[in-house]
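Structure first, commentary second.
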Amino acid sequence: MLIFHTIAEIREFVRQARVKGYSIGLVPTMGYLHEGHLTLMRQAKKQCDTVIISIFVNPTQFGPGEDLASYPRDLDRDAAMAEGVGVDAIFNPAAEEIYPSGYSTYIDVEQRITEKLCGASRPGHFRGVATVVAKLFNIVKPDYAYFGQKDAQQVLVIKRMIADLNMEVGVVTVPTVREHDGLAMSSRNVYLDPEQRQAALSLSSSLNRAAAEVRAGERDAAKIRQLVIDLIKAEPLARIDYVEIYSYPDLEPVEFIKGQALLALAVKFGRARLIDNIIL
Ligand code: PAF
(Lines give C-alpha, C1' and ligand atoms only; values in the text may rest on other atoms or scores of the structure.)
Protein backbone atom coordinates (compact mmCIF):
# COMPACT_ATOMS: atom_id res chain seq x y z
CA MET A 1 0.00 0.00 0.00
CA LEU A 2 1.27 3.43 -0.94
CA ILE A 3 0.82 6.70 0.92
CA PHE A 4 0.77 9.97 -1.02
CA HIS A 5 0.73 13.48 0.34
CA THR A 6 0.51 15.53 -2.85
CA ILE A 7 -2.15 15.91 -5.52
CA ALA A 8 0.46 15.33 -8.25
CA GLU A 9 1.45 11.95 -6.74
CA ILE A 10 -2.06 10.60 -6.29
CA ARG A 11 -2.99 11.77 -9.81
CA GLU A 12 -0.04 9.85 -11.22
CA PHE A 13 -1.09 6.75 -9.26
CA VAL A 14 -4.64 7.09 -10.64
CA ARG A 15 -3.31 7.64 -14.17
CA GLN A 16 -1.31 4.40 -14.00
CA ALA A 17 -4.32 2.47 -12.69
CA ARG A 18 -6.45 3.85 -15.54
CA VAL A 19 -3.84 2.80 -18.13
CA LYS A 20 -4.30 -0.76 -16.83
CA GLY A 21 -8.06 -0.36 -17.24
CA TYR A 22 -8.72 -0.52 -13.50
CA SER A 23 -11.87 0.87 -11.92
CA ILE A 24 -11.33 3.14 -8.91
CA GLY A 25 -13.16 3.29 -5.60
CA LEU A 26 -12.65 6.19 -3.19
CA VAL A 27 -13.41 6.13 0.53
CA PRO A 28 -13.13 9.71 1.83
CA THR A 29 -12.33 9.80 5.56
CA MET A 30 -10.95 12.08 8.22
CA GLY A 31 -8.89 9.23 9.61
CA TYR A 32 -8.79 7.67 13.04
CA LEU A 33 -10.35 4.70 11.33
CA HIS A 34 -12.81 2.31 12.91
CA GLU A 35 -14.80 -0.71 11.81
CA GLY A 36 -17.34 1.55 10.05
CA HIS A 37 -14.61 2.88 7.75
CA LEU A 38 -13.22 -0.62 7.21
CA THR A 39 -16.67 -1.79 6.12
CA LEU A 40 -16.70 0.96 3.47
CA MET A 41 -13.25 -0.14 2.31
CA ARG A 42 -14.23 -3.82 2.13
CA GLN A 43 -17.28 -2.86 0.07
CA ALA A 44 -15.07 -0.79 -2.24
CA LYS A 45 -12.67 -3.76 -2.62
CA LYS A 46 -15.58 -5.94 -3.74
CA GLN A 47 -16.64 -3.48 -6.43
CA CYS A 48 -13.45 -1.79 -7.66
CA ASP A 49 -10.03 -2.89 -8.90
CA THR A 50 -8.18 -0.12 -7.08
CA VAL A 51 -9.22 1.32 -3.72
CA ILE A 52 -7.97 4.69 -2.55
CA ILE A 53 -8.84 6.23 0.79
CA SER A 54 -8.33 9.84 1.67
CA ILE A 55 -7.36 10.82 5.18
CA PHE A 56 -7.83 14.54 5.61
CA VAL A 57 -9.21 16.38 8.63
CA ASN A 58 -10.94 19.01 6.55
CA PRO A 59 -10.71 22.40 8.28
CA THR A 60 -13.54 24.01 6.28
CA GLN A 61 -16.19 21.70 7.73
CA PHE A 62 -15.38 22.62 11.34
CA GLY A 63 -16.91 25.71 12.91
CA PRO A 64 -15.29 28.04 15.44
CA GLY A 65 -15.01 26.31 18.82
CA GLU A 66 -15.34 22.82 17.32
CA ASP A 67 -12.80 20.02 17.68
CA LEU A 68 -10.59 20.63 14.61
CA ALA A 69 -7.38 20.91 16.64
CA SER A 70 -8.13 17.98 18.93
CA TYR A 71 -9.71 15.67 16.32
CA PRO A 72 -7.93 12.30 16.80
CA ARG A 73 -5.15 11.64 14.29
CA ASP A 74 -2.86 8.60 13.93
CA LEU A 75 -1.62 7.93 10.41
CA ASP A 76 0.49 4.88 11.30
CA ARG A 77 -2.45 3.17 12.98
CA ASP A 78 -4.77 4.11 10.08
CA ALA A 79 -2.28 2.87 7.48
CA ALA A 80 -1.97 -0.52 9.20
CA MET A 81 -5.76 -0.87 9.35
CA ALA A 82 -6.28 0.18 5.72
CA GLU A 83 -3.54 -2.16 4.53
CA GLY A 84 -5.21 -4.98 6.47
CA VAL A 85 -8.33 -4.73 4.31
CA GLY A 86 -6.42 -4.42 1.06
CA VAL A 87 -6.51 -0.67 0.37
CA ASP A 88 -4.12 0.21 -2.48
CA ALA A 89 -3.30 3.80 -1.62
CA ILE A 90 -3.88 6.49 0.97
CA PHE A 91 -4.11 10.13 -0.02
CA ASN A 92 -3.12 12.16 3.04
CA PRO A 93 -2.63 15.78 2.02
CA ALA A 94 -1.69 18.70 4.24
CA ALA A 95 -4.28 21.46 4.61
CA GLU A 96 -2.21 23.78 2.33
CA GLU A 97 -2.24 21.17 -0.43
CA ILE A 98 -6.03 21.28 -0.53
CA TYR A 99 -6.51 24.94 0.38
CA PRO A 100 -3.43 26.81 -0.84
CA SER A 101 -3.10 30.50 -0.10
CA GLY A 102 -5.66 32.45 -2.13
CA TYR A 103 -8.12 29.57 -2.19
CA SER A 104 -11.55 31.10 -2.94
CA THR A 105 -14.04 28.54 -4.30
CA TYR A 106 -16.74 26.77 -2.26
CA ILE A 107 -19.77 24.66 -3.05
CA ASP A 108 -23.06 25.56 -1.40
CA VAL A 109 -25.76 22.94 -1.72
CA GLU A 110 -29.25 24.47 -1.39
CA GLN A 111 -30.37 25.50 2.09
CA ARG A 112 -33.42 23.22 1.90
CA ILE A 113 -31.01 20.32 2.43
CA THR A 114 -28.14 21.92 4.31
CA GLU A 115 -29.73 24.31 6.81
CA LYS A 116 -31.54 21.79 8.99
CA LEU A 117 -30.35 18.97 11.26
CA CYS A 118 -26.52 19.18 11.46
CA GLY A 119 -26.52 22.19 9.14
CA ALA A 120 -28.55 24.18 11.69
CA SER A 121 -26.21 23.49 14.59
CA ARG A 122 -23.03 23.57 12.48
CA PRO A 123 -23.43 26.52 10.07
CA GLY A 124 -21.12 26.16 7.07
CA HIS A 125 -20.44 22.49 7.84
CA PHE A 126 -21.93 21.12 4.63
CA ARG A 127 -20.31 23.86 2.55
CA GLY A 128 -16.99 22.51 3.78
CA VAL A 129 -18.01 18.89 3.21
CA ALA A 130 -19.33 19.50 -0.32
CA THR A 131 -16.26 21.53 -1.24
CA VAL A 132 -13.71 18.98 -0.05
CA VAL A 133 -15.62 16.02 -1.49
CA ALA A 134 -15.89 17.77 -4.87
CA LYS A 135 -12.16 18.43 -4.76
CA LEU A 136 -11.41 14.80 -3.86
CA PHE A 137 -13.62 13.68 -6.74
CA ASN A 138 -11.75 15.99 -9.12
CA ILE A 139 -8.38 14.79 -7.87
CA VAL A 140 -9.06 11.04 -7.74
CA LYS A 141 -11.82 10.79 -10.38
CA PRO A 142 -13.29 7.65 -8.78
CA ASP A 143 -15.94 5.48 -10.40
CA TYR A 144 -17.53 4.94 -7.00
CA ALA A 145 -17.30 6.72 -3.66
CA TYR A 146 -18.32 5.13 -0.36
CA PHE A 147 -20.10 6.81 2.56
CA GLY A 148 -21.74 5.61 5.77
CA GLN A 149 -25.47 5.97 6.41
CA LYS A 150 -24.65 7.30 9.90
CA ASP A 151 -24.04 10.61 8.10
CA ALA A 152 -27.42 10.42 6.36
CA GLN A 153 -27.65 14.16 5.67
CA GLN A 154 -24.08 14.24 4.34
CA VAL A 155 -24.96 11.48 1.87
CA LEU A 156 -27.99 13.45 0.65
CA VAL A 157 -25.90 16.61 0.25
CA ILE A 158 -23.24 14.73 -1.74
CA LYS A 159 -25.80 13.00 -3.95
CA ARG A 160 -27.45 16.37 -4.66
CA MET A 161 -24.10 17.92 -5.53
CA ILE A 162 -23.22 15.04 -7.86
CA ALA A 163 -26.57 15.29 -9.65
CA ASP A 164 -26.52 19.09 -9.89
CA LEU A 165 -22.92 19.33 -11.10
CA ASN A 166 -23.15 16.32 -13.45
CA MET A 167 -20.31 14.52 -11.71
CA GLU A 168 -19.65 10.99 -12.92
CA VAL A 169 -19.33 9.29 -9.56
CA GLY A 170 -21.57 6.57 -8.20
CA VAL A 171 -22.35 6.88 -4.48
CA VAL A 172 -22.47 3.68 -2.47
CA THR A 173 -24.04 4.07 0.96
CA VAL A 174 -23.20 1.47 3.56
CA PRO A 175 -25.39 0.84 6.65
CA THR A 176 -24.22 2.24 9.99
CA VAL A 177 -21.79 -0.09 11.75
CA ARG A 178 -22.43 -0.43 15.49
CA GLU A 179 -20.59 -1.68 18.55
CA HIS A 180 -21.95 -4.91 20.07
CA ASP A 181 -24.24 -2.84 22.33
CA GLY A 182 -25.65 -0.60 19.59
CA LEU A 183 -23.42 2.50 19.84
CA ALA A 184 -22.82 3.79 16.30
CA MET A 185 -19.12 3.68 15.46
CA SER A 186 -17.52 7.11 15.30
CA SER A 187 -14.00 8.47 15.56
CA ARG A 188 -15.40 10.81 18.23
CA ASN A 189 -16.35 7.88 20.51
CA VAL A 190 -12.78 8.11 21.89
CA TYR A 191 -13.85 11.31 23.67
CA LEU A 192 -16.35 9.37 25.83
CA ASP A 193 -15.47 8.31 29.36
CA PRO A 194 -17.06 5.03 30.54
CA GLU A 195 -20.05 6.79 32.13
CA GLN A 196 -20.72 8.92 29.06
CA ARG A 197 -20.34 5.88 26.82
CA GLN A 198 -22.98 4.04 28.87
CA ALA A 199 -25.31 7.05 28.65
CA ALA A 200 -24.73 7.27 24.89
CA LEU A 201 -26.42 3.89 24.44
CA SER A 202 -29.66 5.86 24.86
CA LEU A 203 -29.22 7.08 21.26
CA SER A 204 -29.51 3.74 19.48
CA SER A 205 -31.97 2.34 22.02
CA SER A 206 -34.32 5.34 21.64
CA LEU A 207 -34.13 5.12 17.85
CA ASN A 208 -34.98 1.42 18.02
CA ARG A 209 -37.85 2.14 20.39
CA ALA A 210 -39.19 4.76 17.96
CA ALA A 211 -38.96 2.27 15.08
CA ALA A 212 -40.87 -0.28 17.17
CA GLU A 213 -43.62 2.30 17.84
CA VAL A 214 -43.93 2.97 14.11
CA ARG A 215 -44.07 -0.75 13.39
CA ALA A 216 -46.83 -0.99 15.99
CA GLY A 217 -48.83 1.63 14.06
CA GLU A 218 -47.87 5.01 15.56
CA ARG A 219 -47.68 7.63 12.77
CA ASP A 220 -47.67 10.94 14.66
CA ALA A 221 -44.19 12.39 14.09
CA ALA A 222 -44.43 14.78 17.07
CA LYS A 223 -45.25 11.91 19.44
CA ILE A 224 -42.38 9.78 18.17
CA ARG A 225 -39.96 12.70 18.40
CA GLN A 226 -41.10 13.44 21.97
CA LEU A 227 -40.67 9.81 22.95
CA VAL A 228 -37.05 9.89 21.75
CA ILE A 229 -36.39 13.20 23.52
CA ASP A 230 -37.82 11.85 26.79
CA LEU A 231 -35.78 8.65 26.59
CA ILE A 232 -32.55 10.57 25.97
CA LYS A 233 -33.31 13.21 28.61
CA ALA A 234 -33.59 10.40 31.15
CA GLU A 235 -29.78 10.28 30.88
CA PRO A 236 -28.48 13.23 32.94
CA LEU A 237 -25.20 13.32 30.97
CA ALA A 238 -26.99 13.86 27.64
CA ARG A 239 -27.35 17.33 26.12
CA ILE A 240 -29.64 17.19 23.11
CA ASP A 241 -28.59 19.21 20.09
CA TYR A 242 -31.52 18.06 17.95
CA VAL A 243 -33.97 15.22 17.50
CA GLU A 244 -35.89 15.65 14.23
CA ILE A 245 -38.05 13.72 11.80
CA TYR A 246 -38.11 14.60 8.10
CA SER A 247 -39.38 12.87 5.02
CA TYR A 248 -36.66 10.79 3.38
CA PRO A 249 -34.89 11.44 1.10
CA ASP A 250 -36.52 14.87 0.48
CA LEU A 251 -36.01 16.19 4.03
CA GLU A 252 -39.42 17.90 4.11
CA PRO A 253 -41.20 18.42 7.45
CA VAL A 254 -43.63 15.59 8.29
CA GLU A 255 -46.64 15.58 10.58
CA PHE A 256 -47.71 12.01 9.93
CA ILE A 257 -45.35 9.33 8.72
CA LYS A 258 -46.58 8.01 5.40
CA GLY A 259 -43.61 7.07 3.23
CA GLN A 260 -40.04 6.79 4.47
CA ALA A 261 -38.96 9.20 7.18
CA LEU A 262 -35.56 9.98 8.63
CA LEU A 263 -35.40 10.16 12.42
CA ALA A 264 -32.06 11.82 13.11
CA LEU A 265 -30.43 13.11 16.25
CA ALA A 266 -27.31 14.79 17.55
CA VAL A 267 -26.53 14.66 21.26
CA LYS A 268 -23.55 15.83 23.27
CA PHE A 269 -21.92 13.81 26.04
CA GLY A 270 -19.09 15.84 27.51
CA ARG A 271 -17.13 17.10 24.53
CA ALA A 272 -18.34 14.33 22.22
CA ARG A 273 -21.11 15.36 19.85
CA LEU A 274 -22.60 12.13 18.52
CA ILE A 275 -25.03 11.66 15.67
CA ASP A 276 -27.22 8.72 14.79
CA ASN A 277 -30.33 8.06 12.74
CA ILE A 278 -32.80 5.48 11.55
CA ILE A 279 -35.10 5.33 8.55
CA LEU A 280 -38.66 4.83 9.72
O1 PAF B 1 -17.59 11.83 6.80
C2 PAF B 1 -16.44 12.32 6.89
O3 PAF B 1 -15.55 11.76 7.47
C4 PAF B 1 -16.15 13.66 6.21
O5 PAF B 1 -17.25 14.50 6.32
C6 PAF B 1 -15.68 13.53 4.77
C7 PAF B 1 -16.75 12.93 3.88
C8 PAF B 1 -14.44 12.67 4.70
C9 PAF B 1 -15.33 14.90 4.20
O10 PAF B 1 -14.32 15.51 4.92
Side-chain angles (χ1 to χ4, degrees), residues 4 7 10 24-41 43-44 51-63 66-75 77-78 81-82 87 89-99 103 105-109 113-114 117-119 121-140 142 144-162 165 167 169-177 184-191 264 266 272-277:
F4 301 113
I7 294 169
I10 191 73
I24 295 186
L26 172 68
V27 183
T29 83
M30 297 207 301
Y32 216 71
L33 304 178
H34 52 67
E35 192 53 38
H37 295 115
L38 298 184
T39 305
L40 300 177
M41 294 170 206
Q43 185 64 35
V51 174
I52 298 171
I53 73 164
S54 57
I55 296 182
F56 179 61
V57 183
N58 173 36
T60 61
Q61 70 188 73
F62 288 78
E66 291 188 357
D67 58 345
L68 172 62
S70 62
Y71 196 85
R73 293 162 168 89
D74 189 339
L75 184 59
R77 172 185 171 278
D78 288 348
M81 290 170 78
V87 165
I90 294 179
F91 177 46
N92 173 230
E96 310 76 60
E97 183 75 1
I98 298 295
Y99 301 110
Y103 187 86
T105 306
Y106 294 88
I107 294 183
D108 268 311
V109 175
I113 308 174
T114 53
L117 302 170
C118 285
S121 38
R122 304 184 70 188
H125 171 67
F126 288 115
R127 183 179 196 244
V129 170
T131 300
V132 80
V133 170
K135 285 176 69 76
L136 290 168
F137 287 174
N138 280 337
I139 293 165
V140 174
Y144 292 98
Y146 296 79
F147 298 92
Q149 179 64 15
K150 182 170 77 77
D151 300 297
Q153 189 180 13
Q154 168 170 282
V155 173
L156 294 175
V157 169
I158 291 167
K159 282 185 172 169
R160 188 73 254 167
M161 173 185 78
I162 289 174
L165 297 183
M167 292 173 164
V169 183
V171 168
V172 180
T173 312
V174 174
T176 303
V177 178
M185 296 229 179
S186 163
S187 305
R188 291 187 168 99
N189 289 350
V190 293
Y191 298 151
R273 178 182 178 280
L274 305 183
I275 59 171
D276 202 347
N277 69 77

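Whatever order the structure lists them in is the order used to number ligands and atoms, beginning at 1. The structure displayed is predicted, hence computed values, not measured ones.
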For P28, atoms of ligand 1 separated by under 4.0 Å from a heavy atom: 8 (C)

Residue V132 vicinity, atoms of ligand 1 by number, heavy atom under 4.0 Å: 9 (C), 10 (O)

Short side-chain to backbone donor-acceptor contact, R77 and L33, under 3.5 Å: yes

Approximate separation, where rounding is to 0.5 Å, of D108 CG and T131 OG1: 7.0 Å

Where ligand 1 meets Q61 - atom numbers and elements under 4.0 angstrom, heavy-atom basis: 4 (C), 5 (O), 9 (C), 10 (O)

Closest approach of any protein heavy atom to atom 7 (C) of ligand 1, naming residue and atom: Q154 NE2, 3.5 Å

Pair R160, T114: side-chain N/O donor-acceptor within cut-off below 3.5 Å: no

Atoms of ligand 1, numbered as shown, that sit under 4.0 Å from any heavy atom of T29: 8 (C)

Atom 3 (O) of ligand 1: nearest protein contact (heavy atom, Å): M30 CG, 3.6 Å

Y99: partners by ring-ring contact (aromatic ring centres under 6.0 Å, His included), with sequence neighbours left out: Y103

Partners meeting ring-ring contact (aromatic ring centres under 6.0 Å, His included) with F137 (sequence neighbours left out): none

